Amino acid sequence: MGRYPELRPRAAEAKALIDSVIAEVDALDHDERTACLAALAPELLEVRETGPRDRYALPPLSDAANGVVMRFAPNPSGPLHLGHARAAALNDAYVRQYGGRYILRIEDTDPKRVDPEAYRSVPEDMAWLGCAITETVYQSDRLELYYEYARRLIERGGAYVCTCENERFRELRQAKTACPCRAREVEEDLARFEGMLAGEYAEGEASLRVRTDLEAPDPALRDFPVFRILTSTLHPRIDASVYPLMNFSVAVDDHLLGCTHVIRGKDHIANTRRQQFIYDWFGWTPPHFRHYGRMGIEGVVLSTSEMRAGIAAGRYEGWDDIRLGTLRALARRGIEPEAVKRAMLAIGVGETDIQFSWENLFAENRAIVDPVADRLWFVPDPVPVEVSGALPREARPLRHPGMPGRGTRTLAFDGIVVVPAAELGSAVSMLRLKDLFNVDVSAVEDRFLFAYAGDDLAEARAAHAPIVQWLPVGETVPCTLRRPEGDLAGVCEPAVREAVGRVVQFERVGFVRIDCVGPDGVVAYLTHR
C-alpha cells in the first residue's frame with residue numbers, strides 16, 4: 001500500500017483476507033503444514049526439518065573454505081552510528097566464522113567529508129563494538145599508489161582526461177555520444193593527467209574518466225569520473241589537490257588488499273557495476289559482492305551533518321547525546337555492544353528492505369544485562385508522607401530477586417517515607433510499600449496520610465493495592481533520570497552511588513546506566529524498560 005496508494009481504501013478487505021489465511025494455517029496439523037511448505041518452499045523445509053534455525057547464523061559465503069578477507073570502509077565524517085553497525089557486525093561475523101583478515105579502511109579521499117576527530121572516534125567505536133580488526137588502512141596515505149594505477153589505466157586505453165564543462169558532458173552522456181576528449185591519444189591523456197597533478201588546471205576544469213559503454217542503459221555508467229581536482233577544501237592529513245573518487249580507490253584497494261568478499265547495502269549496486277569496468281580494464285578478478293536491503297531507523301538522528309549542526313547550536317550535548325543514533329549514544333545509555341551485534345546478525349544480509357526494531361535491540365540487551373543488573377529503587381517526583389501506627393523497622397530488599405545469594409540492601413523505616421506522586425490520588429485507598437508493609441491512604445486537605453494496615457502481602461493483592469517503591473525520607477539521594485523524551489527528577493537509594501558506570505534496574509521504571517555522581521546527586525540514563 002506504500003507503493004500503491006490507491007489500494008489503501010481496501011485495507012479492511014486485506015485484513016479480513018489475512019485473518020482468514022492465518023486461521024486456515026492455524027487449523028492445519030504438522031503433516032499438513034509440512035506438505036504445504038514442501039510445495040511452496042522446499043529450501044525452507046530443509047532448514048525446518050534439521051532443527052530450529054540459529055537466528056544469528058548467516059548464509060554461507062562461496063569460495064570461503066580457506067578463509068576470507070573482509071573490509072569495513074567508512075568515511076571519517078563523524079562517529080559511527082547504527083547504520084554503520086550493520087556492515088561492521090556482518091563483516092566481523094564472517095571473519096570469525098571462516099577465519100582470515102578484517103580490514104578497517106578509512107576512506108578519506110574526499111576532504112569535504114573529513115572530520116579530523118573521526119580519525120580517533122571511528123577506531124574507538126569499532127573497538128567498543130568488539131570487531132576483530134587486524135589492520136587499519138588510510139586511503140589518504142595511498143594517493144601516490146592511486147596516481148600510479150591511474151597512469152596504468154590510461155596506458156591501457158581505459159581512461160582519458162576530460163575538460164568538458166559538466167553540463168555539456170551531461171548532455172552528451174544523455175545522448176549516448178562521446179565527448180571530444182575521448183578521441184585523444186594515450187600519450188596526450190598521460191600528459192594531461194600529469195598536468196592535473198602539477199596544478200595546471202583549476203578545480204572543475206579537468207577530470208579523469210573511465211572509458212565505458214556509451215550505450216549502457218544506466219547513464220551513470222557511461223564514462224563516469226574517477227579523479228577530480230579539489231582545491232577549495234584542504235585535507236587535514238595531506239597536501240593534495242587531485243583526489244580519486246570512491247569507485248576507483250575502492251576497486252584498487254579491494255584488489256591490492258586481497259578482499260575476497262564485499263558485504264554492503266544495495267544502494268551500492270550501481271557502484272558495483274561501475275567498479276566492474278575498472279576490474280575488467282585491469283584484468284582483475286573482482287571479490288564476491290553481496291548487497292543487503294536498506295534498513296530504516298526511526299526515532300533518532302543519524303545524519304552526520306544534522307548532528308554536527310545540532311551540537312554546534314546547543315540542541316545536543318555532544319556525539320553521545322542519547323537522542324542521537326551514534327554508537328557512543330548507545331554506550332552512554334547502557335546498550336551492550338554484543339546486543340548491537342546480535343540485533344544486526346538477526347537482521348542478516350537479506351535483500352529485502354526492513355525497518356530496524358528498537359524493541360529487538362532492547363530484547364537482546366535485556367537478555368545480557370538482566371542477569372547481572374542490581375535491582376535498586378528510584379522514586380520519581382517524590383512526596384513525603386507520614387505513616388501512623390507503624391514501629392521503626394528495616395526492609396531488606398534483594399539485590400536480584402532471582403539470585404538471593406547476591407545479598408540484600410538495608411532501608412530503615414522511621415516514620416516518614418517518600419513515594420512517587422503519581423501513586424497518590426483520591427481513588428487510592430491502600431498501597432503496599434514494597435518489602436515493608438501495607439498502608440491505608442487518606443487525604444486531608446492538600447496532603448496525604450498513611451496508616452499502617454498490616455504486613456500481609458496476600459491482603460494487599462486481594463485489595464488490588466499497587467506495590468510502590470519508597471525510601472526513608474532521611475536516606476535519599478537526588479537523582480535525575482535522563483530519557484530521550486525528557487528528564488525525570490526524583491530520588492534514589494544510597495546504594496545507587498556505588499554503581500557508577502554500570503547498568504542497574506530501577507524497579508518498576510526500567511534498566512538504567514548510572515552515569516555519574518556529583519554535588520547535585522546522581523545522573524542516570526534510561527537504557528530501556
Side-chain angles (χ1 to χ4, degrees), residues 78-86 88-89 121-122 124-131 295-304 306-308 310-311 315-347 355-378 380 479-490 492 496-518 520-529:
L80 300 183
H81 55 64
L82 270 171
H84 296 110
R86 186 179 185 187
S121 64
V122 169
E124 287 179 354
D125 291 343
M126 289 294 282
W128 176 83
L129 196 56
C131 292
M295 182 176 73
I297 303 176
E298 296 182 351
V300 294
V301 179
L302 290 177
S303 165
T304 302
E306 186 177 342
M307 287 190 279
R308 181 175 287 105
I311 293 170
R315 294 193 301 274
Y316 306 124
E317 297 177 347
W319 292 109
D320 60 353
D321 190 297
I322 60 173
R323 292 167 291 180
L324 305 179
T326 61
L327 299 188
R328 291 166 180 261
L330 296 182
R332 191 162 201 186
R333 289 177 64 168
I335 300 294
E336 292 291 323
E338 184 61 27
V340 177
K341 290 202 288 187
R342 290 180 186 178
M344 296 305 165
L345 294 183
I347 293 171
Q355 188 67 31
F356 174 78
S357 169
W358 286 99
E359 286 307 315
N360 287 351
L361 174 60
F362 295 159
E364 298 288 0
N365 198 69
R366 194 176 294 113
I368 295 171
V369 301
D370 182 74
V372 298
D374 282 348
R375 273 49 172 175
L376 301 172
W377 289 355
F378 167 75
C479 181
T480 300
L481 179 58
R482 312 208 68 177
R483 307 172 298 170
E485 65 270 28
D487 293 351
L488 183 62
C492 61
V496 172
R497 292 180 297 195
E498 304 166 8
V500 173
R502 291 170 24 215
V503 171
V504 302
Q505 187 187 94
F506 279 169
E507 292 193 51
R508 311 184 82 80
V509 176
F511 290 96
V512 303
R513 178 183 166 275
I514 308 305
D515 190 73
C516 62
V517 178
D520 296 327
V522 172
V523 176
Y525 285 85
L526 179 67
T527 308
H528 47 68
R529 304 296 177 187

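None of the values given here were measured: they were computed from a predicted structure.
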Check: [Y] main-chain N/O paired with [X] side-chain donor or acceptor under 3.5 Å:
{"X": "Glu336", "Y": "Asn365", "result": "no"}
{"X": "Asp320", "Y": "Arg332", "result": "no"}
{"X": "Arg323", "Y": "Arg315", "result": "yes"}
{"X": "Thr326", "Y": "Trp319", "result": "yes"}

To check you understand the geometry: which heavy-atom pair defines the closest contact between [X] and [Y], and what is its length?
{"X": "Ala85", "Y": "Leu327", "result": "CB-CD2, 4.2 Å"}
{"X": "Ile311", "Y": "Gly318", "result": "CD1-C, 3.5 Å"}
{"X": "Pro79", "Y": "His84", "result": "O-CE1, 4.3 Å"}
{"X": "Met126", "Y": "Ala88", "result": "SD-CB, 3.9 Å"}

Rounded to the nearest 0.5 Å, what's the gap from [atom1] on [X] to [atom2] on [Y]? Could you check?
{"X": "Arg328", "Y": "Glu124", "atom1": "CZ", "atom2": "CD", "answer": "5.0 Å"}
{"X": "Leu488", "Y": "Leu526", "atom1": "CG", "atom2": "CG", "answer": "9.5 Å"}
{"X": "Leu376", "Y": "Gln505", "atom1": "CG", "atom2": "CD", "answer": "9.5 Å"}

pair [X]-[Y]: side-chain heavy atoms closer than 4.5 Å:
{"X": "Leu129", "Y": "Lys341", "value": "yes"}
{"X": "Ile297", "Y": "Trp358", "value": "yes"}
{"X": "Met344", "Y": "Leu82", "value": "yes"}
{"X": "Phe362", "Y": "Thr527", "value": "no"}
{"X": "Phe506", "Y": "Ile514", "value": "yes"}
{"X": "Val301", "Y": "Tyr316", "value": "yes"}
{"X": "Ile368", "Y": "Arg342", "value": "yes"}

Query raised in the report: Under a 4.0 Å N-O cut-off, is there an ion pair linking Asp374 with Arg502?
Result: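 Yes.
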Query raised in the report: Does a side-chain N-to-carboxylate-O contact under 4.0 Å join Arg375 and Asp370?
Result: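 Looking at Arg375 and Asp370, the cut-off is met.
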Query raised in the report: For Val517, which residues count as a side chain to side chain contact (heavy atoms under 4.5 Å, CB included) partner, sequence neighbours excluded?
Result: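 Partners of Val517 by the side chain to side chain contact (heavy atoms under 4.5 Å, CB included) criterion, ordered by chain and then number, come out as Arg497, Val500, Val522.
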Query - CA sep, side-chain torsions, deciding dist, call: Ile335, Phe511, side chain to side chain contact (heavy atoms under 4.5 Å, CB included) - result: CA-CA 10 Å; Ile335 300 294; Phe511 290 96; over 6 Å; no
Query - Phe356/Glu298 under side chain to side chain contact (heavy atoms under 4.5 Å, CB included): CA gap, chis, key distance, verdict - result: CA-CA 8 Å; Phe356 174 78; Glu298 296 182 351; over 6 Å; no
Query raised in the report: Does the pair Val300 and His81 meet the rule for a side chain to side chain contact (heavy atoms under 4.5 Å, CB included), with working shown?
Result: CA-CA 10 Å; Val300 294; His81 55 64; over 6 Å; no
